[in-house]
Each structure stands twice: as C-alpha cells, then as structure tokens.
Amino acid sequence: INGNRAVALGALAAGLRFYSAYPMSPSTEIMEFLASKSKELNVVVEQAEDEIAAINMALGASFAGAPAMTGTSGGGFSLMVEALGLSGIGEIPIVIANVQRPGPATGFPTRTEQSDLRFVIHASQGEFPRKVIALRNQEDAYRQTIRAFMTAEKYRIPVILLSDQYLGDTSATIKPFSLPEEAPDPAAENLQGEYKPYLLTENGISPRRYPGQTEELVNVDSDEHDEQGLITESAEMRIKMVDKRMAKLRGMVKELEEPDFLGSEEGDVLLIGWGSTWGPIKEAVELLNRETPGQYSALVFGDIYPLPEKLLKEKAK
C-alpha cells in the first residue's frame, strides 16, 4: 500500500462521510481511491471547482454532522487558508491532508519536498488552536489519520496532516490494518437543556449539536460571537472567546505523542527529522552505527504542533 491509500483507508476507518477536493498532485489519489469506494461505503466524494469550494463544502458537511475531510498540496492549501480560519473561530472540526510538493507557485508538481511546515502551523490571520501531524510511513499514515479525526471531533478544531509525494506515492508491504473502536458521537451527548454552541468552559470545549437534532437553532459564525453564536462587538466577550479557544491547547498537550527514537541510547550524535524522512534516517542511523557502533541516534517527529518536548530535552543533554 502507498501513503495516499493509507490515508484514505484511515479516513474511512475513522467514519469519513464526506470528502471534497480539487485534484492537485500529489494528493489526487486520495480522492480517486475514496471515489472508487464511495457507493460501496456510502461516502460522498465531490470534485470541487477549486480548493476554496472544496474546504467550504467539507466545513458545511462537518457542521451538518458528517465527519469530513479535504486534501490538497501546498498551492491548494494556500487557497484554503481563509476557510481554515473559519474552522478555527467557528469551531467546526475538519481534517486537511496536505501532500507536499516543491513550491512556491506551481513548483515541481511531480516531485517531493518538505516545504510547508512553517506555513501550515501559522496559516490564517489571528490565532486559534490547530493540530499538525506529519506522517512518517504507510502504517503511521493510517493510524494518524484516524487519530486526526478523533482529535478534530473532540476539540472542534482543524487538524492538518502533512504528507509528501515521496510517502504518498511510495508503496510498502505492511501488516494488515486493524479497525479502531467506534468513537462516541460528541453531538449525541449534549441533547438535554438549553444549548449554547460556544459555551464558555474551563477546557475550551463547548458542547456540540447538529442542525435538526432538536428544535433549537444551531448557530455558527465567522465573526466573533457570544455563547449563543450571535455577533458581538464586546471587547470583554472577545477576550473570553479567544481564551476559551486557546484553552484547548492545554488538553491537546497532554495527549501528544513523543517522536520515534532510533539508534543508540548512548549516541553522541543525535539526528532530528520529521515525517517521511523516518525511513532514510532509520537506515542512515543503522549504517552509521555499523561503522561506529553506538555513536548515532535520531528523533523523528510525528506530532509537530503542538510540539512534544520531553524526549527532545532528554536526548539534547
């Protein structure tokens, strides 16, 4: 299996119901594979007219209660940035796969490069919580895509998966994937009492409902809003809402996964990498340690933002 199909299977295993994208290599195979299974698995796959439409369709589906995802490469992600902010302030969960290629602009459409890291961490104006996960290999791509959906739904945030042409198009023989336990539906747990879509809570997570679940109106707004989802000009409420959203990071930090540690515990040279460099770094450490036993080790990160620091601080001493 290659990395793109592993992402697609991970999305299906996580309960994907809506995928929209504009075909942009090297991410297109995710859409093609999902489209080939759409009737069999009751998943809507929409080829949008551009990336702006693609992410907004996915956000609409997510708001309506369908676990949703979009995929693209760096140039398409550039067009998605304003809607990324809508996900952040509207607290609408979404998973975005950015299968990187060299840029800027059209760059090298059929080549690979890890060139979008800083961009996706800081994309969109203002500040809001997000999670960025770099996929290291085909097994990791499947597992982390499932985790991305669970995280997006739990915290009501955008989660960005960073892959690249190398991983997306490279095949490996791996053990069969296992299906996750069925995740609870966060909107099914909040059907009693008055509903406030942006209720101020200590952990920053407001209860979620879908339109049509009850007779109450479910508001969403791209402007700053109060707990009811109504537009506000209040500086006091603005501060409370920014603090509420950023409070989600405290919970996310507790769930971070430390990077893979490769090589010797006693090594004098520590290599640092992330994402698809996992394979080349693993091989390099093994080859170097054959020549100079016990001298080399490596940390290869999957969780990128927020950044896990425990192993990094331990091994940097």
Side-chain angles (χ1 to χ4, degrees), residues 3 6-7 10 14 88 93 95-96 98 100 114 116-123 127-164 167 178 180-181 183 201-205 243-286 288-289 292-317:
V7 168
V95 177
I96 306 167
N98 179 356
Q100 300 164 97
Q114 290 183 314
D116 298 351
L117 177 60
R118 184 175 295 182
F119 175 39
V120 301
I121 290 174
H122 298 289
E127 192 172 11
F128 55 89
R130 72 194 71 189
K131 186 167 184 64
V132 180
I133 304 173
L135 308 179
R136 288 169 285 203
N137 52 52
Q138 290 80 1
E139 264 182 320
D140 195 52
Y142 174 78
R143 184 183 68 85
Q144 294 283 31
T145 302
I146 296 172
R147 184 167 167 249
F149 273 89
M150 304 309 173
T151 302
E153 290 289 339
K154 178 178 179 178
Y155 290 100
R156 297 179 62 178
I157 59 169
V159 178
I160 302 163
L161 298 173
L162 274 178
S163 182
D164 50 48
L167 174 58
S178 58
E181 294 182 8
T201 63
E202 186 176 346
N203 64 6
I205 304 172
D243 289 345
K244 179 192 94 73
R245 291 190 289 266
M246 298 308 290
K248 299 175 186 180
L249 286 170
R250 292 197 295 267
M252 292 163 61
V253 165
K254 295 177 182 178
E255 298 172 1
L256 289 175
E257 293 185 359
E258 292 294 322
D260 284 354
F261 178 75
L262 308 172
S264 171
E265 290 284 353
E266 307 300 325
D268 293 326
V269 179
L270 180 68
L271 307 178
I272 302 290
W274 57 275
S276 68
T277 57
W278 180 88
I281 288 177
K282 181 175 184 291
E283 184 177 16
V285 168
E286 291 171 353
L288 289 166
N289 279 332
T292 313
Q295 293 298 302
Y296 295 90
S297 56
L299 292 176
V300 186
F301 285 81
D303 281 13
I304 299 292
Y305 185 83
L307 184 72
E309 300 178 357
K310 181 182 175 182
L311 266 182
L312 186 61
K313 290 178 178 178
E314 286 179 8
K315 301 302 179 183
K317 292 179 181 178

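Considering only heavy atoms from C-beta on, Leu256 comes within 4.5 Å of Val253 through its side chain.
In plain terms, the two heavy atoms of Phe128 and Pro158 that are nearest each other are CE1-CG, 4.0 Å. Closest non-hydrogen pair, Ser264 versus Asn289, comes out as N-ND2, 4.0 Å. The two residues Ala141 and Val7 have their closest heavy-atom pair at CB-CG2, 4.0 Å. Across all non-hydrogen atoms, the minimal contact from Glu258 to Leu311 is OE1-N, 3.0 Å. Contact between Pro306 and Leu249 at its shortest, heavy atoms only, is CG-CD2, 3.8 Å.
A distance-only check finds no donor-acceptor pair linking the side chain of Tyr305 to the backbone of Leu117 [under 3.5 Å]. Panel note: side chain Arg130, backbone Ala123; a donor-acceptor pair is recorded below 3.5 Å. Side-chain atoms of Asn137 come within 3.5 Å of backbone atoms of Asp140 as a donor-acceptor pair (strictly under, hydrogens ignored). Tyr155 places a side-chain N or O within 3.5 Å of a backbone atom of Gly251 that can act as its donor or acceptor partner. Side-chain atoms of Gln100 come within 3.5 Å of backbone atoms of Ser163 as a donor-acceptor pair (strictly under, hydrogens ignored). In this structure a side-chain-to-backbone donor-acceptor pair under 3.5 Å is missing from Arg136 to Pro259.
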Could you give the side-chain donor-acceptor pairs of residues 271-281 under 3.5 Å, partners two or more places apart or in another chain?
from	atom 1	to	atom 2	distance (Å)
Ser276	OG	Asp164	OD1	3.3
Ser276	OG	Asp164	OD2	2.6
Thr277	OG1	Trp274	N	3.2
Thr277	OG1	Trp274	O	2.8
Trp278	NE1	Asp260	OD2	3.1

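Residues Lys131 and Glu255 are not paired through a salt bridge, judged by the lack of any N-O separation under 4.0 Å between the basic side chain and the carboxylate.
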Kindly determine whether Ile160 and Ile133 satisfy side chain to side chain contact (heavy atoms under 4.5 Å, CB included), including the steps that lead there. CA-CA 6 Å; Ile160 302 163; Ile133 304 173; over 6 Å; no
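Shown here are the salt bridge (Lys or Arg N to Asp or Glu O under 4.0 Å) partners of Glu314, two or more places apart in sequence or in another chain: there are none.
Between Val132 and the options Asn98, Leu307, Ile96, Ile304, a side-chain contact (heavy atoms from CB on, under 4.5 Å) holds for only Ile304.
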